[in-house]
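These notes concern the structure reproduced below.
Just the heavy atoms: all of them, side chains too, but no hydrogens, waters or symmetry mates, feed the values below.
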Amino acid sequence: MISLSISNSVAEVVLNAQHKLNSLDEQALQDLTQAYDDAAAAASRGEVRALLLRGEGRAFCAGRDIQNVSPESDDAAAYLGGLVEPLLKKMAAFPAPTFAAAHGACLGVGLGLLLATDVVYVAENAKFGSPFAKLGATLDSGGHWYFTERLGMHRTLDLIYTAELMSGAEAVAQGMFSRAMPADELLDMTREIVSRVAVGATGAFKASKELVAHIRDQRLGLWEAMQEENTEQARLCKTDDYAEGFRAFQEKREPKFSSLGG
């Protein structure tokens with residue numbers, strides 16, 4: 001079950017199939033895609049300025065739901081290429097800052113959901129890795145790229161070959177995610193941060209999100225990245241938010257940015 005709620009400019013998307021550790025079958029992926037479509041539509045109207053993704057129960061998401069999958073007839077390409085990849089691209093392109101609060105098992109497609117999110121906070125005892133060795137399958141949902149990028153070739157293959165899992169604290173220490181927190185504090189702390197971001201400079205945040213993705217994907221050097229920043233800053237300086245930010249600083253008050261970042 002996937003739910004979407006919107007309150008105080010924050011969209012909260014919840015994975016809630018606790019009996020199966022929020023694992024995702026085809027219908028759940030379609031429902032999750034619809035939730036992001038609905039949240040993006042609300043963002044286009046200025047009703048959503050940040051998004052939080054989380055899971056209910058003992059885990060964030062244990063990956064694909066394979067309980068009723070027959071290996072003889074399974075079409076993994078259709079599941080991954082037809083459902084998972086389009087969803088992850090949609091998540092990564094969401095037109096506002098996105099956050100995830102991850103606890104318990106975060107594996108397979110569940111890991112992919114985190115990789116497509118801007119900022120990921122994890123419980124110290126969360127579990128990450130590639131448990132597929134016993135299935136005769138391989139890490140998916142962008143995991144090979146992300147692990148190699150953050151951990152290097154040797155540690156990536158170590159995790160894949162052994163199927164050993166990293167804790168949330170270890171994953172943060174190795175640069176995979178942003179912050180690790182005690183499990184019982186994770187959701188409250190994440191919600192507090194997201195609520196602050198939701199009243200921030202939405203337009204400038206969106207610009208930074210796109211810049212970071214462009215720098216990563218195009219492997220830009222320092223001076224190329226600086227030119228991109230200069231161009232974006234020149235555009236932003238013509239917006240109402242830019243003027244409001246400067247006025248608020250000069251008047252020593254909190255800024256009131258517009259919902260659409262204009």
Side-chain angles (χ1 to χ4, degrees), residues 1-4 12-40 51-71 73-94 98-123 126-151 156 159-160 163-168 171 176-177:
M1 178 179 175
I2 309 296
S3 67
L4 166 67
E12 189 163 309
V13 178
V14 182
L15 313 180
N16 192 7
Q18 300 178 45
H19 62 288
K20 55 181 182 178
L21 301 181
N22 298 325
S23 56
L24 301 168
D25 59 15
E26 287 83 353
Q27 185 60 55
L29 285 173
Q30 293 169 4
D31 293 344
L32 187 54
T33 298
Q34 187 62 56
Y36 272 81
D37 283 339
D38 292 344
L51 180 146
L52 168 61
L53 173 66
R54 66 178 184 87
E56 284 282 1
R58 295 185 293 116
F60 170 72
C61 177
R64 183 185 182 186
D65 181 5
I66 61 171
Q67 187 62 43
N68 297 313
V69 174
S70 168
S73 59
D74 182 31
D75 189 346
Y79 177 83
L80 294 170
L83 292 171
V84 174
E85 184 178 346
L87 168 62
L88 299 185
K89 288 180 177 178
K90 189 182 297 288
M91 292 174 62
F94 191 80
T98 61
F99 293 77
H103 69 289
C106 310
L107 307 171
V109 179
L111 176 64
L113 300 181
L114 300 182
L115 307 189
T117 301
D118 298 342
V119 178
V120 179
Y121 300 144
V122 303
K127 296 298 181 184
F128 304 93
S130 176
F132 300 104
K134 295 179 181 178
L135 290 176
T138 189
L139 187 60
D140 55 48
S141 304
H144 281 88
W145 182 90
Y146 193 80
F147 276 31
T148 303
E149 180 79 5
R150 300 301 174 93
L151 306 176
T156 295
L159 290 169
I160 291 171
E164 293 176 357
L165 302 179
M166 292 185 293
S167 70
M176 288 185 62
F177 303 114

Q: Please work out which of the three classes, parallel, tilted or perpendicular, describes the rings of Tyr121 and Phe99, given edges at 30° and 60°.
A: tilted
Q.
Restricting to side chain to side chain donor-acceptor pair (under 3.5 Å), what partner residues turn up for Glu85, sequence neighbours left out?
A. Lys89
Q | Student check: side-chain heavy atoms of Ile2 and Tyr36 closer than 4.5 Å | A | no
Q) For Tyr146, what residues pass the side chain to side chain donor-acceptor pair (under 3.5 Å) criterion, not counting sequence neighbours? A) Arg150
Q: Only pairs at least two apart or in different chains count here, so list each side chain to side chain donor-acceptor pair (under 3.5 Å) that has a residue in residues 105-118.
A: Thr98-Asp118, Asp118-Lys209
Q) Taking only residues two or more places apart in sequence or in another chain, which ones pass side chain to side chain contact (heavy atoms under 4.5 Å, CB included) with Arg58? A) Leu21
**Q.** Value rounded to 0.5 Å, distance of CG in Leu139 from CG in Leu159
**A.** 9.0 Å
Q: Quick one: closest heavy-atom pair of Gly81 and Pro86, and the distance?
A: O-CD, 3.3 Å
**Q.** Pairing residues for Gln34 by the side chain to side chain donor-acceptor pair (under 3.5 Å) criterion, not counting sequence neighbours
**A.** Asp38
**Q.** Residues in side chain to side chain donor-acceptor pair (under 3.5 Å) contact with Thr138, at least two apart in sequence or another chain
**A.** His144
Q: Check salt bridge (Lys or Arg N to Asp or Glu O under 4.0 Å) between Asp31 and all other residues, then give those that pass, not counting sequence neighbours.
A: none
Q. Of all heavy-atom pairs between Leu24 and Ala28, which one has the smallest distance, and what is that distance?
A. CD2-CB, 3.8 Å
Q: Identify, with sequence neighbours excluded, every residue that meets salt bridge (Lys or Arg N to Asp or Glu O under 4.0 Å) alongside Asp140.
A: none
Q. Listed by chain and number, what are the salt bridge (Lys or Arg N to Asp or Glu O under 4.0 Å) partners of Lys20, not counting sequence neighbours?
A. Asp25, Asp65
Please tabulate, one pair per line, all N/O donor-acceptor pairs under 3.5 Å involving side-chain atoms of residues 104-115, not counting sequence neighbours.
none

Q. So do Met91 and Val13 actually touch side chain to side chain, heavy atoms under 4.5 Å?
A. no
Q) By salt bridge (Lys or Arg N to Asp or Glu O under 4.0 Å), which residues pair with Glu149, not counting sequence neighbours? A) Arg219
Q | Check: Ile160 main-chain N/O paired with Ser130 side-chain donor or acceptor under 3.5 Å | A | no
Q) What are the two closest non-hydrogen atoms of Gly55 and His103, and how far apart are they? A) O-CE1, 3.0 Å
Q) Rounded to the nearest 0.5 Å, how far does CG of Asn16 lie from CE of Met1? A) 6.0 Å
Q: Determine the minimum heavy-atom distance between Gly129 and Leu165, stating which atoms define it.
A: CA-CD2, 3.7 Å
Q) Under the ring pair (Phe, Tyr, Trp, His ring centres under 6.0 Å) test, which residues partner Phe177, sequence neighbours left out? A) Phe128
Q. Can you find a heavy atom in the side chain of Phe60 that is under 4.5 Å from one in the side chain of Asn22?
A. no
